[in-house]
Amino acid sequence: EPTTPLLEIDGLEAGYETGQVLFDVDLAIDEGELVSLLGRNGAGKTTTMHAIMGADEPAVLGGDVRYRGESIVGWPSHRRANAGIAIVPEKRRCFPRLSVVENVRLAINHAENPLGLDEALAFFPELDDMRRKEARNMSGGEQQMLAIARALAANPDLMLLDEPFEGLAPYIVRRIEDIVADINAEQGITVFFVEQNVAAALAIADRHYVLDEGRIVDEVTSQRIREDAEFRQRYLGV
Ligand code: ATP
């Protein structure tokens, strides 16, 4: 008997005033999975993520985004959050003049069933050591940890990450890989992320959707990507 996926995108068509970008995008993520969406520059990864997150743009022109079987298209952000969806946006977007503690407290105050502050920071010893530091004075990697800590503080069932490894030094990429993998394996949180960094995606996820020119061209395992150089070159540019 098939179970309802936690997150399901069904025939999604989306775009901007300048034109349609996504065409008939289908994907399904079951509870407990850790799945990536890969694709070259401009393939439509961020557009897909924004459509799931319910950002002002792109406009959803057709199809559906379902969470626990229910359409969430048009839901306001607080309703998504209360339903258990947490977002780690592109470029982190921490409040620059707020400290680590203040950033996490804001997330806790806005959540319906949050973790405690210490619990949210327990995953990040680095942040625990800089509780009073303002986000603007932190490195990109530290800010990424803070963005993930805020998402985690809401005690979500599903965490969506938009290019979590972008612009980070290699050793920080490895640290964020570990954090995301642990959030999935230890906390049982379902994770879906879009990423340009194929190596990082392969390091933590075993199932990947591949997007090209706004269409899902394949759904592949890490092994397939590792073994098929032609596929890598053609769709991932690496
Ligand atoms: P990247 O890694 O470069 O962000 P991507 O796979 O995330 O690539 P998108 O950012 O989703 O791709 O872009 C897909 C297409 O949509 C591109 O042709 C882009 O120019 C266009 N696009 C993205 N954002 C907008 C916008 N706000 N308004 C108009 N067109 C946009």
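What you see below is based on every heavy atom in this structure, not just the backbone, and it leaves out hydrogens, waters and symmetry mates. In each ligand, atom 1 is the first atom listed, and ligand 1 is the first ligand listed.
- Residue contact check: Ala43 has heavy atoms under 4.0 Å from atoms 5 (P), 6 (O), 12 (O) of ligand 1.
- Taking the side chain as every heavy atom from C-beta outward, Tyr67 and Asp157 approach each other to under 4.5 Å.
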As a quick check of understanding, evaluate side chain to side chain donor-acceptor pair (under 3.5 Å) for Gln20 and Glu13, giving each step before the final call. CA-CA 7 Å; Gln20 187 167 343; Glu13 316 261 335; 2.4 Å; yes
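- Listed by number with element, the atoms of ligand 1 under 4.0 Å from a non-hydrogen atom of Glu57 are 27 (N).
- Contact annotation: for Asn41 versus ligand 1, heavy atoms closer than 4.0 Å belong to both the backbone and the side chain.
- Taking both residues in full, the closest heavy atoms of Leu34 and Val180 are given as CD1-O, 4.4 Å, listed atom of the first, atom of the second, then distance.
- With hydrogens and angles disregarded, a donor-acceptor distance shorter than 3.5 Å links the side chain of Gln143 to the backbone of Met138.
- Of the protein's non-hydrogen atoms, the one nearest atom 22 (N) of ligand 1 is Tyr16 CE1, 3.4 Å.
- Taking atom 10 (O) of ligand 1 as the reference point, the nearest protein heavy-atom neighbour is Thr46 CB, 3.7 Å.
- Closest to atom 15 (C) of ligand 1, if we only count protein heavy atoms, is Val21 CG1, 3.7 Å.
- Residue Glu90 has no nitrogen or oxygen atom sitting less than 3.5 Å from a nitrogen or oxygen atom of ligand 1, judged on distance alone.
- Across Leu236 and Arg40, no two heavy atoms sit closer than the pair C-CG, 3.7 Å.
- At least one N or O atom of Thr47 sits closer than 3.5 Å to an N or O atom of ligand 1.
- For atom 29 (C) of ligand 1, the nearest protein heavy atom lies under 4.0 Å away.
- Under a cut-off of 6.0 angstrom, the local environment of CZ in Phe95 is sparse, with at most 12 non-hydrogen atoms contributed by other residues, nucleotides or ligands.
- By the neighbour-count criterion of 12 heavy atoms within 6.0 Å, atom CZ of Arg224 is densely surrounded, having more than that number from other residues, nucleotides or ligands.
- From the protein, the heavy atom lying nearest to atom 17 (C) of ligand 1 is Gly42 O, 4.0 Å.
- Atom CD of Glu213 is surrounded by 12 or fewer heavy atoms from other residues, nucleotides or ligands within 6.0 Å.
- The single protein non-hydrogen atom nearest to atom 12 (O) of ligand 1 is Gly44 N, 3.1 Å, given as residue, atom name and distance.
- Residue contact check for ligand 1: Arg40 places a non-hydrogen atom closer than 4.0 Å to it.
- Closest heavy-atom contact between Asn103 and Ala135: ND2-CB, 3.9 Å.
- Applying the 4.0 Å criterion to heavy atoms of Thr18 picks out, from ligand 1, the atoms 29 (C), 30 (N).
- Ranked by closest heavy atom to atom 6 (O) of ligand 1, the top entry among Glu163, Met49, Lys45 is Lys45.
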